[in-house]
Structure formats: C-alpha cells, structure tokens
Undergrad: 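Sharing a structure below in structure tokens format, with a few things to ask.
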Amino acid sequence: MPIWLEAAIRSVSILIGLFVITRILGKKQLSKLSFFEYIVGITVGDIAGTMSTDLDINLQEGITSILIWSLFPVLISHISLRNKKFRDFVEGNSTVFIKNGKVLEENLKQEKYTIDELMEQLRKKDVFRVADVEFAVLEPNGDLNVLLKREKQPLAVGDVFPNPPSEKEPQTVVMDGKILDEPLATAGLSRGWLKAELDKQGVAIENVFLAQVDSYGQLTVDLYDDKIQAQQPQDKEFLLAAIKKVQADFELFALETQSEEAKQMYEKNAKKLNDLLGRVAPLLKN
C-alpha cells in the first residue's frame, strides 16, 4: 500500500474516532474545560496527529492510548457527580474576589491574580467602579461573575410592572426562503397567516432570507437584498391607538349623556381602559 494512502486512511479513521469520542464526552467538555480536561485535550490531539503522520507507530497501541486518555475524563466526571469532595478536588472551588465593594487581596494572591487583571475582567462586564460591585467570584473554569449592588443594577421590566407577561422564544418561520412548518405550528400559526402577513409588508416568500415571529405574534423579516426596506409591522401600534380611541369615546359619551346611570357606566369603563393603557402601552410601543 502506498505510504500516502496509508496516511490518508489513518487520518480519516482517527478523525472519525475523535468525533465519536467527542460525542461521548458530551457538550460540557467542549464549553467548560477544567485544567485537567485542557491537558487531556492537548495530549489526545498530539497523539492523534503523531499517529496520522508517523507510520512506524503501531495503530493498535495508538488507539489504546487515545482511548485511555479520552475516556478517563468520563470516569472522573461520573465520580464527580456522586462525590462533592472529589469534585472539589478535581475541578476546584470558586474564589471570592470582591465582597460588598471591597477587594479581597489575599484571595487575589491565592489565585495569582493582579489588580490589573481583575479590573480588565470587570471592564469586560461593563463595570468600571469596584465600589459598585456587591459580589464578584472567580469560577473554577476561569470566568469572573459579577453581581452589582442593588442600586447599580439595570432597571428590569419586573421592577416597573409587578406581574409582567411571560416572554416566549421567537420562532424562526422562514429560513433561506423556505417555510418551516414546525416552528409555525409551535406558534399556533399557519402558512395562510404567514402569506397574509408577508403580503401586508409587500414581500414575496422567495425574497425572505429570515423571518421570525415573536411572542406577541408580530412578524419581522430580513430580506436577501438589504437595499429593499420591508414595511414595518404596525399591528401593535394599531391596537394601542384603538384602545386609546375607545377610552376617549367613553369619556366623550360620559360628558354628552343626560342619564346619570349611563354617565357612571361610561366613566367606570373609561377608567378601566385608562388603567389598561398604563399596563400595556410600554409593551405595544416599538
């Protein structure tokens, strides 16, 4: 067998094997590498590369070595799931760097972290004053997580509205000009509804690169030709205007009627709509 063909077969076989091993290890090994897993990844890659190019290496010995290095983290992971002390020993513990706006210098020294590195990590979190931080902790995987003091935290919807409506994930209903029926069904919509909405915006399905439906049933589209501007959906604005009109009509009827009973009814309903406007207006404004 020619040397180049043997090298090609080895390389393809090793690539397939590494792919299978990666699937076995799971997504956690790809996203959050501990120090030990980092070393394992480098070593396995080095063994695989050497086996692909050095044809003098016995294939069985190389595969055995890769399996041992690759599957050992799986064993470690299973033990860690069942034993907290072992997990702390292998993965390490988080270290508090800032508490109540004060830097814990001893913990910085323990992790060999300089104040410059800490400030750099804080700036990546859009934090520029240590005094604004209630709590900052260095996780075992090297990420710095920051909790701002209550008065420095960004305003959230729940701070303004006690019971805000739940927000569902947007559904991608068109991709590359093709209608996706499953997301449409998940949103409780149909192809007929989608076509009607696209017609409102003056867009043909063939020109749509991406279309999504939000939790309020509003369709937004991205076209292949960025120079073409699709009409923005105005359903929410129309609904807001309609509620305002009905509320104003009730107030007008209350002023015009001669019946005291009808006047009270109109005023009561006008007040209800005014309260409703206070709750839904921020949600219906784009």
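Just so you know, these numbers come straight off a predicted model, no measurement behind them.
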Undergrad: Taking all heavy atoms of Ala254 and all of Thr257, pick out the closest pair and write down the distance.
TA: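 The pair with the smallest heavy-atom distance is O-CG2, 3.7 Å.
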Undergrad: Look at the side chain of Asn274 and the backbone N and O of Ala270, then say whether any donor-acceptor pair between them is shorter than 3.5 Å.
TA: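 No; judged by distance alone, with no hydrogens or angles, the pair does not exist.
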Undergrad: Hey, quick one: are Leu144 and Leu108 part of the same hydrophobic cluster, counting side-chain heavy atoms closer than 4.5 Å, chains of contacts allowed?
TA: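 Same cluster: Leu144 reaches Leu108 through Ile, Leu, Val, Met, Phe, Trp or Tyr contacts under 4.5 Å.
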Undergrad: side-chain hydrogen bond (donor to acceptor under 3.5 Å, both in side chains), that's the test. Do Gln247 and Glu251 meet it? Break it down for me.
TA: CA-CA 6 Å; Gln247 192 263 347; Glu251 290 181 343; 2.8 Å; yes
Undergrad: Looking at Lys263 and Glu260, is any side-chain nitrogen of the basic one under 4.0 Å from a carboxylate oxygen of the acidic one?
TA: no
Undergrad: Using modelled atom types and a 3.5 Å cut-off, is there a donor and acceptor pairing between side-chain atoms of Tyr266 and backbone atoms of Asp249?
TA: no
Undergrad: Which value, rounded to the nearest 0.5 Å, describes the distance between Glu139 atom CD and Asn93 atom CG?
TA: 10.5 Å
Undergrad: Which atom pair, heavy atoms only, marks the closest approach of Val137 to Ser94?
TA: CG2-CB, 3.5 Å
Undergrad: Taking the six-membered ring for Trp, are Tyr113 and Phe97 parallel (under 30°), tilted (30 to 60°) or perpendicular (over 60°)?
TA: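 Tyr113 vs Phe97 ring planes: tilted.
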Undergrad: If you round to the nearest 0.5 Å, how far is NZ of Lys244 from CG of Leu273?
TA: 13.0 Å
Undergrad: To the nearest 0.5 angstrom, please state how far the CG atom of Leu255 sits from the CZ atom of Phe250.
TA: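 One finds 13.5 Å between CG of Leu255 and CZ of Phe250.
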Undergrad: Are Asn145 and Lys125 close enough, and set up right, to give a side-chain contact (heavy atoms from CB on, under 4.5 Å), and what steps lead you there?
TA: CA-CA 8 Å; Asn145 289 321; Lys125 303 286 184 179; 4.1 Å; yes
Undergrad: Please determine whether side-chain contact (heavy atoms from CB on, under 4.5 Å) holds for the pair Leu219 and Gln212, giving the CA-CA distance in whole Å, both sets of side-chain angles, and the decisive distance to 0.1 Å.
TA: CA-CA 6 Å; Leu219 180 72; Gln212 292 183 307; over 6 Å; no
Undergrad: Strictly distance-based, threshold 3.5 Å: is any side-chain N or O of Gln153 a donor or acceptor partner for the main-chain N or O of Leu148?
TA: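 Flag set: sc Gln153 to bb Leu148 pair under 3.5 Å.
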Undergrad: Kindly compute the distance separating CG (Asp176) from CZ (Phe209), expressed to the nearest 0.5 Å.
TA: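 Answer for the CG-CZ pair, Asp176 versus Phe209, is 5.0 Å.
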Undergrad: Do Lys152 side-chain atoms and Val127 backbone N/O form a donor-acceptor pair below 3.5 Å?
TA: no
Undergrad: Between Leu104 and Leu147, is there a shared hydrophobic cluster once you connect ILVMFWY residues whose side-chain heavy atoms come closer than 4.5 Å?
TA: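 Leu104 and Leu147: one cluster.
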Undergrad: Can you see which heavy atom on Phe128 is nearest to which on Met119, and at what distance?
TA: O-CE, 4.2 Å
Undergrad: Does CD belonging to Glu182 count more than 12 external heavy atoms closer than 6.0 Å?
TA: no
Undergrad: Around Phe86, counting heavy atoms of other residues, nucleotides and ligands shown, do more than 12 lie under 6.0 Å from its CZ?
TA: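 Count over threshold, so yes.
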Undergrad: Heavy atoms, side chains only, cut-off 4.5 Å: are Val173 and Leu180 in contact?
TA: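 Sidechains of Leu180 and Val173: no contact.
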Undergrad: Decide salt bridge (Lys or Arg N to Asp or Glu O under 4.0 Å) for Glu197 and Lys200; before the verdict, give the C-alpha distance in whole Å, the side-chain angles of both, and the deciding distance to 0.1 Å.
TA: CA-CA 5 Å; Glu197 290 298 312; Lys200 288 180 185 178; 3.1 Å; yes
Undergrad: Between Val146 and Leu122, is any pair of side-chain heavy atoms under 4.5 Å apart?
TA: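 Val146 vs Leu122: side chains touch.
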Undergrad: With side-chain contact (heavy atoms from CB on, under 4.5 Å) as the criterion, how do Leu194 and Leu189 come out once you've worked through the C-alpha distance, each side chain's angles and the decisive distance to 0.1 Å?
TA: CA-CA 8 Å; Leu194 177 61; Leu189 304 170; over 6 Å; no
Undergrad: Between Asp214 and Thr220, does the side-chain contact (heavy atoms from CB on, under 4.5 Å) criterion hold? Intermediate values first, please.
TA: CA-CA 8 Å; Asp214 62 18; Thr220 55; 5.8 Å; no
Undergrad: Could you report the tightest heavy-atom contact between Leu210 and Thr172, atom names first, then the distance?
TA: CD1-CG2, 3.4 Å
Undergrad: Any link between Met265 and Leu276 through a network of hydrophobic side chains (Ile, Leu, Val, Met, Phe, Trp, Tyr) touching at under 4.5 Å?
TA: yes
Undergrad: Regarding Thr186 and Gln171, do their side chains bring together a donor and an acceptor under 3.5 Å, going by distance alone?
TA: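 No, no side-chain donor-acceptor contact under 3.5 Å.
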Undergrad: Donor-acceptor pair, Lys195 side chain versus Ile205 backbone, under 3.5 Å?
TA: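 Checking the backbone N and O of Ile205 against the side chain of Lys195, no donor-acceptor pair under 3.5 Å is found.
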Undergrad: Evaluate whether atom NZ of Lys149 has more than 12 neighbouring non-hydrogen atoms of other residues, nucleotides or ligands under 6.0 angstrom away.
TA: yes
Undergrad: So, Gln110 side chain and Thr95 main chain: donor-acceptor pair closer than 3.5 Å or not?
TA: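 No, because the side chain of Gln110 does not come within donor-acceptor range (under 3.5 Å) of the backbone of Thr95.
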Undergrad: Can you name the nearest heavy-atom pair linking Val208 to Tyr224, along with the distance?
TA: O-CE1, 3.6 Å
